[in-house]
Each structure stands twice: as structure tokens, then as C-alpha cells.
Number of protein chains: 2
Amino acid sequence: MSSLRILRQNDTPVASAPADGVVCQAARGCSGCLVRHLAVCAALPVSKAHAMEALADDTRLKAGEALVREGEARRGVFTVTKGALRRIRLLPDGRRLVAGFLMPGDFIGFSGTSHYKHTIEAITDSTLCEFSMADMRSLCHDHPELERELLERACVELDATRGNLMALARLNPMERLAGFLVDMAQRRRRQGQDDTEVILPMTRTDIADYLGLTVETVSRSFTRLRQEGSIATDDPHHVRLLDRTRLDALAEARA
Amino acid sequence: MSSLRILRQNDTPVASAPADGVVCQAARGCSGCLVRHLAVCAALPVSKAHAMEALADDTRLKAGEALVREGEARRGVFTVTKGALRRIRLLPDGRRLVAGFLMPGDFIGFSGTSHYKHTIEAITDSTLCEFSMADMRSLCHDHPELERELLERACVELDATRGNLMALARLNPMERLAGFLVDMAQRRRRQGQDDTEVILPMTRTDIADYLGLTVETVSRSFTRLRQEGSIATDDPHHVRLLDRTRLDALAEARA
DNA sequence: CGGCCGGTTGAGCTCGGTCAAAGGTTGTGG
DNA sequence: CCACAACCTTTGACCGAGCTCAACCGGCCG
């Protein structure tokens, strides 16, 4: 199927699409989530995953706390197990970019530089599982399948990021917002949840800085989508997608 | 140094920064450039590279021809050896995005999907070296170092793409253009060339669609940079960077 | 109870887009 | 070798989508 899955011998991983809201079924409730998760996806024997997971450290963050800060030396890699985080970059004059949102199952650590290029902050209380660089290095040495899985994931992330380029370069506010909502819904479906409603843990300001707009424009776009009946917002953080056809049409361009 | 270089055992590759304008010194003039290039970077014995390179196919394109088209089934991966290409995406209504420019040394093939998401067209006459999926798969099986190198490169590309997000979301035309010129200059320096001038093989329209602007705005921004003495343009495709400090200040934000 | 934060809405303005035109260059065919 | 067409670039005049500024509302917390 997927491109750099060309690199994979076994094309039928044990569980590539976890149907669980946390990380994946094998990882539920354990602290060795990264290893387990990647191991399962890469079709490693679970026994190996067990052996590895002793290395994992749990990291807990309260809403608003930073996991890592732009400019810091890289200290490890992470997978999100609970909560939601934002990857942000700030300009000296205050302009702000949200380069992405990180949700359960997401891997943090793809970068070609030795220092973090973004600050990563918890939006809500979150837990992650952390691996030091050294542990990661030895894990990858012992289990080349992990590297393959990481490459696969990096490619998927690259595709997604390129999709955002189109949104920022050429789409109008309604199209950007519709695309964002559809993305959030897809995320839910991939986790086996109802994809006719989405939960937005982030603020309107976060969404604006993610979509390259102002809060006001985001708010107005929500209002317009509500007025035309495409969505309903019970409260600002809970959106029901009423007219999926319309939203898909608006979002057509993205990704 | 770099993040997922954590995944590399040997941290001193034979030649990680090729000082040659084509691909890298070991690859000069041979058709097995991808293998050679990656092999050298991953510190493989050259003998192995020789054995592999028989698999490589040369692909030649005239200016304007497409290498691959959006929607086509993925047929292989490539490295650019000569010329310049653009990665584009077109919306039904004619809106156009240039998601990136591909220059000698660049690898084409990072994607998590089975079909191409972008059309890739030659800007000038170009040559690439092509590997079928099957060959790529077996190469990676025989030489895990390749996979490591690919992951490293994917991460670098992800960083670069995230940098573009900031430009598209929050920078004004002057800042975007300055950032673009500085990027192009960096590319040249990385190849050991004079970085006080850059050659822009692409048209103003390509630059506009890359920076999320219109041709007119791009042209006006060039004019303003010229008027303030930051650059000189002998002809539209040759730009001399006169005031690097000013350009860097404008570009500060990107990447 | 009051201050603060987040969200929404309105009014007006500005930056970058749109439309139009002209000059330059390249390539082609007579 | 020249004439002409097609394309690329630049510049000007105008316009409007989205930004700025401001006000208001509601919920939350001290």
C-alpha cells in the first residue's frame, strides 16, 4: 500500500490501525507505550516489546506546561498517551504559529536537528512516554523494524504537513476551517470513535494560529458554518458535523 | 548532532556533506547515483555500492515534462542528478501550489501513500536516477544503513516543510521572498558554491505559487528589495545578494 | 463580587489580490 | 534574416477579503 512501506518485508502488520482511544490495545495502561505501540505496529513479538518497555519513562504535564522549548538541546523522543499538546513557534514581534496538534498515539521526535525547533505545550493535562536518545539508539539497533516503522510514520507526517501548505497558501478561511474539522473527524474515526462530532481541546486562538488566520476570522467562519447548517456547536469545544458533504466539498483541496 | 542521527551507529559518515554540484563526489557521472550517494552517506563500503548501482535507471526529462503525475500509482523513487523540478498540486478551479523545488541531490519518494499526491515537472532539462519499488525494497533489506539514511533525510525535509508553514501562515511578502532567497543561497553553499548569488531556474509564477502570493506581488517584492539595495538582479533568473544582513533579518522567522 | 480569559460581533482600514497594459525575450516560420 | 507570436516580467490603478480595533457577553476563579 503505502510508499515507504516498500521498505517493509511483512506487509501485514499485526495491528497497524489501533482501534483504541489511548494508543493501541497492546499499550493500554502500560508505561512502555512507545515500544509496545511501535513494536506491535512493526509486528515484533510481544515478548520483545516487554523486554524493551522497562526503558520507558512516564511524563505528566499539567495544562499549559511545556514539554520542550524551542532552542533546547534535544533530550529524547515521546509518544502521547493522553491529552493534547500544541507545537508552536513564536516570532520576536509576537506573531505565533501552531505547527500542529499532538494527540494520543502521536510520535514526537522527527527532526533533523540537535535542538528543538518548536516549543511543545500541553493544551490539557497530558501524559507521554519518554525515551532518552541513548535508549532510542539502542532500541533501533536491536530492532531494525522500529526504524522502518519510524520512517513510515515520518513519511505520513510529511504528507500531512505538505497538505497544510496548500491550506495556508491558497485556501480561504471557510475552506481551511472545514479542512481542519474534517481532519479532526478523521482522527477520531481512525481511533474507532464517532466521526460526526469532534472535540476541540484547543482555543480559538490556537486554531487561528494553526490555520494562519486571526481569532476573529476563525470565530466568524465557525458562525458562518453554523448559520449555513454545516455544523452545530453545543459549546466552543464540541462541534457536530451536520453536513459532511458540504464540509468535504469545502475541504476538498487540503491534504 | 542531529536528532534521528541517534539512530546511526557510526556518527562519522564517509562523506555526509558532498562538496560537488552534481550529487556527491562518489556519484559523479555514474548512473547509480542514488545508491552511491546514499551508500557513501551511510558509510557503506564502495564495493557494495558498486554491486547495487546496476539496478539504477537513468531518467531524462525535457523542460516542462512531468516526471510523475498526481494520482498515479507510485512507480519508484528518484534522486535528482541534474536540472531542477517543481512539486505541484492543482485545484479544480485553477489555484496552484508549488510544494517545493527539487534540485541535484534531492531525493523524491518520501510519502505514506501508494499514489502520488503531487505532480512533479521538470523546470529545466533534468536527469534523475530511478529505482523501482521492488529494487528499493530489496536494497533496504540488504543494507539497513540505507533505511537509516532515508529516515534522517525525511526528518530534514520535515523540518524544512514545517519552516515553510511559518512563512505561509504569518510572514509578509518581503519576508517570504527574503527567506526564499536565503534558502536558495544556503543550498548553494552546501554544495560549495558562491552563496552571494543565486540562480533561480523557476519563473516568477512558480515562486509565487511556492510562497502563496501572486506573480505581481512577487515581482513588486523583488523590485522593493532591489530599490532598497538588498539585492541586484542582472536578469530575472540571476540574483546577487548584496545586503545579507538585511536579508537575514527579513528572513529571521522562517525555518 | 470583580477581574480575567475566551468567544463573538461590528465598523473601518489596509495589504495584497485583481485587472489591465506595456516592454522584453525567445522561438518559430516565412 | 526578419516578423510575429507566445510567454515572462514589471508597473499602475483599483478593489475587497481578511485584519485591526473596539465593545460586549458569559463562565470561572480568587
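Reminder, nothing fancy here: chain letters follow the sequence lines and each chain counts from 1.
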Main chain of [Y], side chain of [X]: is a donor-acceptor contact present, judged purely on distance under 3.5 Å?
X	Y	answer
B/Glu228	B/Leu225	no
A/Arg60	A/Ser126	no
A/Arg86	A/Ala99	no
A/Thr119	A/Ile88	no
B/Ser221	B/Thr217	yes

Closest approach of A/Arg75 to A/Tyr116 (non-hydrogen atoms, all atoms of both residues): N-OH, 3.0 Å
Atom-pair distance ([atom1] on [X]; [atom2] on [N]), nearest Å:
X	N	atom1	atom2	answer
A/Ile207	C/dG6	CD1	P	13 Å
B/Arg95	C/dT18	CZ	P	10 Å
B/Asn172	C/dT14	CG	P	16 Å

Position toward the 5' end of DNA chain C (nearest nucleotide), A/Arg170 or A/His237: A/His237
Residues from residues 215-229 of chain A lying under 4.0 Å of DNA chain C - heavy atoms: A/Glu216, A/Ser219, A/Arg220, A/Thr223, A/Arg226
Segment of DNA chain D, first to last nucleotide, that comes within the 4.0 Å heavy-atom reach of chain B: D/dT9 to D/dA13
Min side-chain heavy-atom separation B/Arg89-B/His118 under 4.5 Å: yes
Ring centres under 6.0 angstrom apart (A/Phe78, A/Phe131): no
Sugar-phosphate, base or nothing in reach of B/Asp235, heavy atoms under 4.0 Å: nothing
